[in-house]
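Lettering follows sequence order; numbering is per chain, from 1. Side chains included, hydrogens not; waters and symmetry mates left out as well; all remaining heavy atoms used.
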Amino acid sequence: MLPDLFSDLPPPDGDLATAPLTAIDEGAVLIRGGITRHAEHLLSDIRSLTAQAPLRRLYTPGGGLMSASLSCCGTVGWVSDQRGYRYQRTDPLSGRPWPALPASWSQLAAQAAGRAGYAGFVPNSTLINRYGRRAEMGLHQDRNEGDFSAPIVSFSLGLACLFLWGGSTRSQRPRRIPLTHGDVVVWGGPSRLFFHGIAPLPDGTHPLTGPCRYNLTFRHVRP
DNA sequence: TAGTAACT
DNA sequence: AAAT
């Protein structure tokens, strides 16, 4: 078996308190394997949450269909359609409020943020992204939250991917950072509005998720 | 405009 | 780069 793109990563530690922390940029860190030991619990929660608010593909305002599927939980959820990007209190599919953000998720996200130097992070919205075969996410900024003092906390589950990490302008060529099952990325402060994205998902199968990657992105949104 | 076409 |  030939070594793959990701085989030189250290083995996952699984604990946010002790997993190895790498600086990516000013205000941005990668915690390798920080949530590995919580993966099955998180995936089980994703199953029950997406039974209430199904994963769905959204249209961008320009009319493009996103290749990743998403859902939300928390007091507000991110949506995109012909009218633009926004956070709203209800799921447009059902008209009902989004499912509550599980307390265990909020605690893990806060612990990750604290490890990255952002004390007191209290997320009120989580975007649940599912990347299937060849799904990707173009370079973008998370800029609809209203509160840019709070960081973004991102959990990776399942198939490995290449995280595209750019800069404050779209023209800066992004670095490609491998993310594997259990990895956590936190960015805020000077890099809070940096462009980022996901390269097309490589083929593969993960024991816990099959041919897909899940990503949980925690935010604090000023309603 | 979190995507895409249409360039180079 | 430009459309929306």
Side-chain angles (χ1 to χ4, degrees), chain A residues 24-25 27-28 30 46 49-50 53-93 98 101 109 123-148 150-179 183-202 212-223:
Chain A
I24 295 176
D25 212 327
L30 165 59
I46 289 170
L49 289 165
T50 58
L55 291 159
R56 83 294 302 263
R57 292 172 69 186
L58 297 182
Y59 286 91
T60 61
L65 181 60
M66 296 176 72
S67 56
S69 303
L70 69 87
S71 183
C72 302
C73 62
T75 59
V76 292
W78 184 85
V79 297
S80 171
D81 60 22
Q82 218 163 31
R83 297 169 39 211
Y85 303 143
R86 65 195 174 275
Y87 285 90
Q88 62 176 52
R89 295 188 168 277
T90 55
D91 178 351
L93 280 186
W98 298 102
L101 206 170
N124 62 358
S125 180
T126 302
L127 191 51
I128 303 168
N129 289 298
R130 180 190 186 278
Y131 293 82
R133 186 178 178 78
R134 306 307 289 172
E136 63 188 305
M137 183 91 60
L139 271 192
H140 67 280
Q141 298 170 297
D142 293 6
R143 62 172 190 183
N144 299 102
E145 293 73 31
D147 179 6
F148 301 131
I152 301 291
V153 175
S154 171
F155 292 176
S156 289
L157 295 164
L159 271 192
C161 72
L162 290 175
F163 183 52
L164 307 173
W165 178 251
S168 60
T169 67
R170 192 184 280 280
S171 59
Q172 286 173 257
R173 190 170 54 148
R175 293 151 60 196
R176 305 195 335 268
I177 300 173
L179 294 182
D183 286 352
V184 176
V185 181
V186 181
W187 66 97
S191 57
R192 170 62 179 76
L193 290 170
F194 276 21
F195 283 87
H196 58 280
I198 297 293
L201 197 71
C212 81
R213 168 180 184 260
Y214 288 94
N215 167 247
L216 304 178
T217 309
F218 298 88
R219 302 99 186 273
H220 182 262
V221 178
R222 207 180 299 275

Q. With a 4.0 Å cut-off, would you call A/R219 and A/D147 a salt bridge?
A. no

Q | Results of side chain to side chain contact (heavy atoms under 4.5 Å, CB included) for A/L193 - residues two or more places apart only | A | A/Q141, A/R143, A/F148

Q.
Rounded to whole Å, how long is the line connecting atom CZ of A/F195 with atom P of B/dA2?
A. 8 Å

**Q.** Below 4.0 Å: OP1/OP2 of B/dA2 and any side-chain N or O of A/R86
**A.** no

Q. What nucleic acid atoms does A/R83 come within less than 4.0 Å of, heavy atoms only: base, sugar-phosphate, or nothing?
A. nothing

Q: Give A/G138 one of three labels, base, sugar-phosphate or nothing, depending on what nucleic acid heavy atoms sit under 4.0 Å from its own.
A: sugar-phosphate

(Q) Taking any heavy-atom pair under 4.0 Å as a contact, classify A/Q82: base, sugar-phosphate, or nothing. (A) nothing

Q) With A/Y214, which residues qualify under ring pair (Phe, Tyr, Trp, His ring centres under 6.0 Å), at least two apart? A) none

(Q) How many whole angstroms separate atom CZ of A/R170 from atom P of B/dT4? (A) 13 Å

Q. Is A/L139 touching bases, backbone alone, or none of the nucleic acid, heavy atoms closer than 4.0 Å?
A. sugar-phosphate

**Q.** Spacing between A/L65 atom CG and B/dT4 atom P, to the nearest angstrom
**A.** 7 Å

Q. Within the structure shown, what part of the strands sits under 4.0 Å from A/T60 by heavy-atom distance: base, sugar-phosphate, or nothing?
A. sugar-phosphate

Q | Distance, rounded to the nearest Å, where A/R219 contributes CZ and B/dA2 contributes P | A | 13 Å

Q) In whole Å, what is the span from the NE2 atom of A/H140 to the P atom of B/dT4? A) 14 Å

(Q) If I take atom CD1 in residue A/I198 and atom C1' in nucleotide B/dA2, what distance separates them, rounded to the nearest angstrom? (A) 11 Å

(Q) Can you measure A/R134 atom CZ to B/dT4 atom P for me and round it to whole angstrom units? (A) 14 Å

Q: Inspect the surroundings of CZ in A/R134 and state if more than 12 heavy atoms from other residues, nucleotides or ligands are less than 6.0 Å away.
A: yes

